[in-house]
Amino acid sequence: DRLRSRGLGDVYKRQAQGVKNQVLDALKAASEFYTRNLLLDKTSKGYQYIQKRGFDDSVINRYKLGLAPNSYDALQNNLKKDFPLDILDKAGLVIKRDSGSGYVDRFRNRLIISIFDEKGNVVAFGARAIEEGQTPKYLNSPETIAYNKSQVLYGLYHAKDSIKKEDAVIIMEGYFDVISAQTNGVEN
């Protein structure tokens, strides 16, 4: 009760919301970085995979598909001028090194699938292996202040208007299955 009377509860809520907004901004910037990286190298295995799936640059841009470089620090080097490492860590974009000193990019040498919440915010990523023998096949973002896996349905943001119009929803398993269906007219 004393905390409430001093307004500290509201202060903590505002601070938490401020951190969440920074995390969302970092995730958006990371998504843009990955998408630029994919579009810049149309000879990459990631871009070739996208083409084999029948997706063009407009699909890459709409769904914010991307490519994580085969580097331990390319993303953090690109984002460090705008975001402190602790925000990148809270966003699930970097992992603390085993030695305890410094961070490495979570996603390396993978095709990146941006995951949107129902409002269109990038809240997480799915990352598909692009090299033969690369494991795991899919590496996903951890749960964060911006992402709760049980509360986010991939593809809902792009499908919600069609779901209302059709009064029906089709549930699919894979990211690329959803994108393929939506880009081929099955938008719900």
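Quick note: residue numbers are just sequence positions, from 1. FYI, side chains are in, hydrogens and waters are out, and symmetry mates aren't considered; it's all heavy atoms of this structure.
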Test of understanding: clusters of I, L, V, M, F, W, Y form through side-chain heavy atoms closer than 4.5 Å, transitively. Do [X] and [Y] belong to the same one?
X: Y138; Y: Y147; result: yes
X: Y103; Y: V23; result: yes
X: V94; Y: I145; result: yes

Transitive ILVMFWY cluster of L156 at side-chain heavy atoms under 4.5 Å: who else is in it? L153, I163, V169, I171
So how far is it from [X] [atom1] to [Y] [atom2], rounded to the nearest 0.5 Å?
X: N61; Y: T35; atom1: CG; atom2: OG1; value: 6.5 Å
X: K80; Y: L85; atom1: NZ; atom2: CG; value: 8.5 Å
X: K20; Y: T144; atom1: NZ; atom2: OG1; value: 8.5 Å
X: F107; Y: L93; atom1: CZ; atom2: CG; value: 7.0 Å

Could you tell me which non-hydrogen atom of [X] sits nearest to which non-hydrogen atom of [Y], and how far apart they are?
X: A127; Y: I112; result: CB-CD1, 3.8 Å
X: L88; Y: A26; result: CD2-CB, 4.0 Å
X: R108; Y: Q134; result: O-NE2, 3.8 Å
X: G126; Y: I115; result: N-CD1, 3.8 Å
X: A129; Y: R110; result: N-NH1, 3.2 Å
X: Y63; Y: S114; result: O-CB, 3.8 Å

Side chains of D57 and Y47 only: does a donor on one sit below 3.5 Å from an acceptor on the other?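 Present: a donor and an acceptor within the cut-off.
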Please determine, by modelled atom types, if R128 and Y49 share a side-chain donor-acceptor pair under 3.5 angstrom.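 On atom types as modelled, these side chains qualify, holding a pair under 3.5 Å.
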Is [X] atom [atom1] crowded by more than 12 heavy atoms from other residues, nucleotides or ligands, each under 6.0 Å away?
X: K160; atom1: NZ; answer: yes
X: K96; atom1: NZ; answer: yes
X: F33; atom1: CZ; answer: yes
X: D98; atom1: CG; answer: no
X: Y72; atom1: OH; answer: no

Are E131 and K45 close enough for a salt bridge, meaning some N to O gap below 4.0 Å?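 Here E131 pairs with K45 in a salt bridge, since their nearest N and O are under 4.0 Å apart.
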Are D89 and R106 close enough for a salt bridge, meaning some N to O gap below 4.0 Å? no
Does [X] use its side chain to pair, donor to acceptor, with the backbone of [Y] at less than 3.5 Å?
X: S31; Y: L27; result: no
X: K42; Y: L39; result: no
X: Q182; Y: G155; result: yes
X: D105; Y: L75; result: yes
X: D117; Y: V123; result: no
X: N37; Y: L67; result: yes
X: E187; Y: H158; result: no
X: D56; Y: V59; result: yes

[X] versus [Y]: any side-chain heavy-atom pair under 4.5 Å?
X: I50; Y: F176; value: yes
X: R36; Y: N78; value: yes
X: L65; Y: L111; value: no

Taking the six-membered ring for Trp, are Y175 and Y154 parallel (under 30°), tilted (30 to 60°) or perpendicular (over 60°)?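 It falls in the perpendicular class, over 60°.
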Ring centres under 6.0 angstrom apart (F125, Y34):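 F125 vs Y34: aromatic centres under 6.0 Å.
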Can you list the steps and then say if D82 with Q22 is a side chain to side chain contact (heavy atoms under 4.5 Å, CB included)? CA-CA 10 Å; D82 296 316; Q22 289 178 60; over 6 Å; no
